[in-house]
Novice: 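Please see the structure below; I have some questions.
Only this structure's heavy atoms are used, side chains among them; waters, hydrogens and symmetry mates stay out. Below, chain A is the first sequence line, B the second, and so on; all start at residue 1.
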Amino acid sequence: MSIYDTLNPEQKEAVLQTEGPVLILAGAGSGKTRVLTHRIAYLIDEKGINPWNIMAITFTNKAAGEMRERVDKIVGFGSESIWVSTFHSSCVRILRRYIDRLGYENNFTIYDTDDQKSLMKEVCKKLNIDTKIYKERAILGAISSAKDNLVGPEEYEKSVMDDYGRKKIAMAYTEYQKELKKNNALDFDDLIVKTVELFQSCPDVLDSYQERFKYIMVDEYQDTNTAQFKFVSLLAGKYQNLCVVGDDDQSIYKFRGANIGNILGFEKVFPRAKVIKLEQNYRSTKTILEAANQVIHNNIGRKAKTLWTDNEIGEPVHYRQFMNGYEEAEYIAGDISKRVREGECEYKDCAILYRTNAQSRMFEEKFLMANIPYRLVGGVNFYARKEIKDLLAYLKTVDNARDDLAVRRIINVPKRGIGAASLSKVQDFADQNGIGFYDALQRADEITTLGRAVSKITPFVTFIQSLRSKLDYISPSELLKDIIDETGYVTELQAEKTEEAESRIENIDELITKVVSYEEECEANNEEISLSGFLEEVALIADIDTVDGDDNRVLLMTLHSAKGLEFPYVYLAGMEDGVFPSYMTIVSDDPTEIEEERRLCYVGITRAMKDLTLTCAQQRMIRGETQYNKPSRFIREIPKELVDLGKNFKERKIKEIPLPKGYQQMKKAIKEPAFMQKKFEVKKASSLSYDVGDTVKHIKFGTGVVKSIIDGGRDYEVTVDFEKAGIKKMFASFAKLKKL
DNA sequence: ATCGCGCAAATTTTT
DNA sequence: TTTGCGCGAT
């Protein structure tokens, strides 16, 4: 009996189908990682494929690490040479080698969201764009989605027509890219875009990677965007051995450019594609799975499928409503304590999932009080903290002389008496002479307007130069210690003697630990230790990547972060309309947004293996204001036979005197029954009176042209380009469009 | 040049 | 509730 006999027939089919394009539609908990790892093992052990020719792309570094570990266990030999990584790290690896072909230097810097914002701020200043009207974040968002769709600055410019706002964005986009290049820097989106560009402009490079990666597998395929899809299709273009695994019901990153068309249209791009569905769930109890199925069933635009399981029925889904977020957190903390105390489970078996990071605070407080060990995932990224960014900016400055942003960040940290006035004089000099900011600093004595500020700049330049000269013979960790010592960064914090300063010092210590462990890892793998290598690792790390399954803590994270994970006990907190689904999606006129929230809910429910608890609060503090929310509409979508409502559900009384302002609203929130008696059904029209290309009229949006019609099973999703309102997506049965 | 105060905005999700 | 920014005082 071989290891492949433990697979079910569909899984086995997916494993054995090694040649040609394959689309695996894998429902939640259907064992897709198992399929992927077995597939890799089969390729190597049975088909004699060189591990070096295999590439597996996952969504997070954590998933990549886990896959590598699992492959290690079942593959006889050579699993270490399989390329397992994320889109972003794969692209960085390729670009480090070849980006000089696109006119960048190979030691480019990667800009995170903060860096992007600072850069955009400068760009706006330069172009006289008022950031009060056009927010940096909004501009960056537009640029990001352009990049996700492989629309470059030139093409964007052409598409703007005479829309004033978009014209501004086009200008900003062009200038932003120019600045990035000047700084020898790439933002996250660029990593993918530039790799695609590289492949398209250098056929020899593409060919070498096509020869290398003869077998390619992509996990979480539903969350890939157009650029990422282009990247894999180029790579797989020659041998066509591309296997993608995904679940349209778990697509939760549309807001970030994920293109569900990549799943739905896979067979169009790869006509020979074999499609395999995995519908048996091995993770959850019958009850949990049924709850998930019922919720997702309310989505109209989805591929029809129904998950089933042989697992036991298990506990009902628990539902509890509380007065406020405080009680909610208290209940969950108490519940977990009780379960652990009674030996039912361990801390690490439990996870609390919520919609927004801001919701974590309450749980942290309660867990600290109840002495429950927890690990918070996400929130303010470790590498985004001021002290860490400062020190990294030093490292970046030493590493990449052209990263102006990094230099500007640290030139006056610690205080050196160099202010904005001097900086702008230096910048003027740089612009006049067509040199970089740091180059200008080096020639500060030539800048006549600076006056006595020169005497403040020179020591800084000397300091950086001395660090650079050491680069060849000291390690990154020693360099970091040098920087800390010579700038007096930690000494300064120690002098403050505040709690905040303490925690900053702790963070700095942690950073040192991270550098050292990077070096150790390099040595263990016989890789070269380099400053660039460390900075790159740091730039692409996500918080979830550092979660260790062995340490016994309750996990706190957003629903998004929970994707791909599973836990025996799951608490979905903050199940309230306005929180989850979020207010933004409730008021949106795009019905697909609420569907994305529902998919998020589906992801949340299906994380649970044994036990699921849903909680909500009647009143909740949101940014200093008390809101009164109804229980989430998603709760009502779970059949009540599956739910345990708790004993004292209705006995709770209002303790506080409600504020008159929100009283009506609050009354509504309390009166609203959790479960609707009747579900109202949507009738799908058997056919539509209009077709793609027809001009139609909408009661609110006026006239427009039908761009596409997608049959979502229970209804049609129609995309219309309205003359006045622009492009809108809507469902046929709601929109009541009339053909003109 | 630096500090500190007060006002405004933000909170949907992340590689 | 927290963070970030601008402006005025030192």
Novice: Classify the nucleic acid contact of A/S422 as base, sugar-phosphate or nothing, counting any heavy atom under 4.0 Å across all strands shown.
Specialist: sugar-phosphate
Novice: Is the ring centre of A/H88 less than 6.0 Å from the ring centre of A/F59?
Specialist: no
Novice: Any non-hydrogen side-chain atom of A/F460 less than 4.5 Å from a side-chain atom of A/L441?
Specialist: yes
Novice: Let me have a per-nucleotide readout for nucleotides 10-15 of chain B, 5' to 3', with B, S or -, counting only protein heavy atoms under 4.0 Å.
Specialist: BSBBBB
Novice: Is A/K366 salt-bridged to A/E330, going by a charged N under 4.0 Å from an acidic O?
Specialist: yes
Novice: Rounded to the nearest Å, what distance is computed from the CE atom of residue A/M621 to the C1' atom of nucleotide C/dT2?
Specialist: 12 Å
Novice: Rounded to whole angstrom, note down the C1' distance from C/dC5 over to B/dT12.
Specialist: 24 Å
Novice: Under a 4.0 Å threshold between the charged nitrogen and the carboxylate oxygen, would A/D190 count as salt-bridged to A/K147?
Specialist: yes
Novice: Think A/R96 forms a cation-pi with A/F108, using NZ or CZ under 6.0 Å from the six-ring centre and within 45 degrees of its axis?
Specialist: yes
Novice: Who pairs with A/Y111 by ring pair (Phe, Tyr, Trp, His ring centres under 6.0 Å), at least two apart in sequence or on another chain?
Specialist: none
Novice: Under 4.0 Å between a Lys/Arg side-chain N and an Asp/Glu carboxylate O for A/R620 and A/E576?
Specialist: yes
Novice: Assert yes or no for the condition that the ring centre distance of A/F634 to A/F580 is strictly below 6.0 Å.
Specialist: yes
Novice: Can you build the contact string for nucleotides 4-10 of chain C? Use B for base contact, S for sugar-phosphate-only contact, and - for no protein heavy atom under 4.0 Å.
Specialist: -S-----
Novice: From CZ of A/R361 over to C1' of C/dT2, roughly how many Å is that when rounded to an integer?
Specialist: 8 Å
